[in-house]
Amino acid sequence: MPELPEVEVLVRHLRPLVCGRTIRGVTVRRARVLAPTSPDQLQRSLRGATFTGLSRRGKYLVFELRPPGKRVPLILVGHLGMTGRMYLTPRNAPLPKHAAVVLNLGRERFVYEDPRYFGRLTLDSRALARMGPEPLSEDFTSAAFGAALTRFRQAIKVKLLDQALVAGVGNIYASEALFRARIAPQLAARKLGRTQVQALRRTIREVLTEAIRFGSTIPLHHGEKRSGDGLFYFGRAAGAADYYTERLRVYDRKGLPCLRCQTPIRRIVQAARSTFYCPVCQKRGANPNQTQAKSV
DNA sequence: CACCATGTTCCTTG
DNA sequence: CCAAGGAACATGGT
């Protein structure tokens, strides 16, 4: 589930549910998601602490807590990896098979589950310091974006996944933003023209903003659809509603006609990740400075 | 069995 | 410092 929009929707959903709640106990079932924090350390820090805030940075969830009897806030950092979920359930509800960490909140429990255990729930907040600008904030200017891009000869698609360049863009929205900006994914980052940089900045924001708006209309409570929390399903996932895939114009559409020109969409592999694009609409040709970019 | 998967990090080699 | 490739993490879906 995790790219910036999914995390944003989750944060908005979770914030009012956790704020004000006090942690009575901590159960760690998979220590690796805490590292380098130890289970013992997490338990000592969180027991008795009260949630005072929840925000997002890139794809990270940032929980703020007030430890018992203290004034200095405590930061708990979460990440969903590829398959993580975080939600509240009644105390007596059965735990999912891959529950990694469970926080006892009294009547309810906060569950972080993750079948692949790629995600995190830790006191180690160093990852936040390495983040680039928030794409939806004022900090994300095309001047700064363009200047940063000139330092790399790597393909633009690969650089879009670099969280130090811009925070929160993942594999799906990288392809989507490039398609809308009509930029070939193979184009070296430093080769983007000014117009292309501006277009890409705009389509990144567009794609993320639309996804957030769209996601916010999705039922956020578990129990409704299937497999727990009905937040964002993707593609062929169980119970996947195509409301998600309908939003995607190129991702996972290999061989299907481009929505602009009918040319079959291609799939290539870059840095060991799938990239989808239209070979006609997204040209790597000369004159990148002249490239016009409009959304389809 | 094979291949694929929304992510990040670390490692090697150049 | 950068590039490119790979592997690792671990599980599930098709």
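Residue numbering restarts at 1 for every chain, and letters A, B, ... go by the order of the sequence lines. Values below: all heavy atoms of this structure, side chains included; hydrogens, waters and symmetry mates excluded.
Across the interface with DNA chain C, nearest-nucleotide mapping of A:F152 and A:R30 shows A:F152 to be the residue nearer the 5′ end. Two residues, A:R130 and A:R116, neighbour DNA chain B, and the one matched to the more 5' nucleotide by heavy-atom proximity is A:R116.
Taking atom C1' in both B:dT6 and C:dA3, the straight-line distance is 25 Å, to the nearest Å. Between C:dA8 and B:dC1, the two C1' atoms lie 23 Å apart (nearest whole Å).
Using a 4.0 Å heavy-atom criterion, one finds that A:R273 contacts the bases of the nucleic acid, with or without backbone contacts as well. Nucleic acid contact for A:Y117: sugar-phosphate only, since backbone atoms but no base atoms lie under 4.0 Å from a heavy atom of the residue. Counting non-hydrogen atoms under 4.0 angstrom, A:K159 reaches nothing in the nucleic acid.
Atom CD of A:Q262 has more than 12 neighbouring heavy atoms from other residues, nucleotides or ligands inside a 6.0 Å radius.
An OP1 or OP2 oxygen of B:dG7 is reached within less than 4.0 angstrom by no side-chain nitrogen or oxygen of A:H79. Taking 4.0 angstrom as the limit, A:Q163 places none of its side-chain polar atoms (N or O) nearer than this to OP1 or OP2 of B:dG7. Side-chain N/O atoms of A:K97 include none lying less than 4.0 angstrom from OP1 or OP2 on C:dT11. The shortest distance between the side-chain N/O atoms of A:S274 and the OP1/OP2 oxygens of B:dA5 is below 4.0 Å.
Taking a 4.5 Å side-chain heavy-atom cut-off between Ile, Leu, Val, Met, Phe, Trp and Tyr, the cluster of A:V269 contains only that residue.
Side-chain atoms of A:N104 do not come within 3.5 Å of backbone N or O of A:R24 as any donor-acceptor pair.
Counting only Watson-Crick and G-U wobble pairs whose two distances sit under 3.5 Å, DNA chain C takes part in these stems of three or more pairs: B:2-5 with C:11-14, B:7-14 with C:2-9.
Salt bridge annotation for A:E206-A:R180: present, with a cationic side-chain nitrogen under 4.0 angstrom from a carboxylate oxygen.
Taking the six-membered ring where tryptophan is involved, the planes of A:F110 and A:F51 are tilted, since the angle between them lies from 30° to 60°.
Residue-nucleotide stacking is present for A:F118 and B:dG7, judged by a side-chain ring centre under 5.5 Å from the six-membered base ring centre and planes under 30° apart.
Geometrically, A:R249 does not engage A:F179 in a cation-pi contact defined by less than 6.0 Å to the ring centre and at most 45° from the axis.
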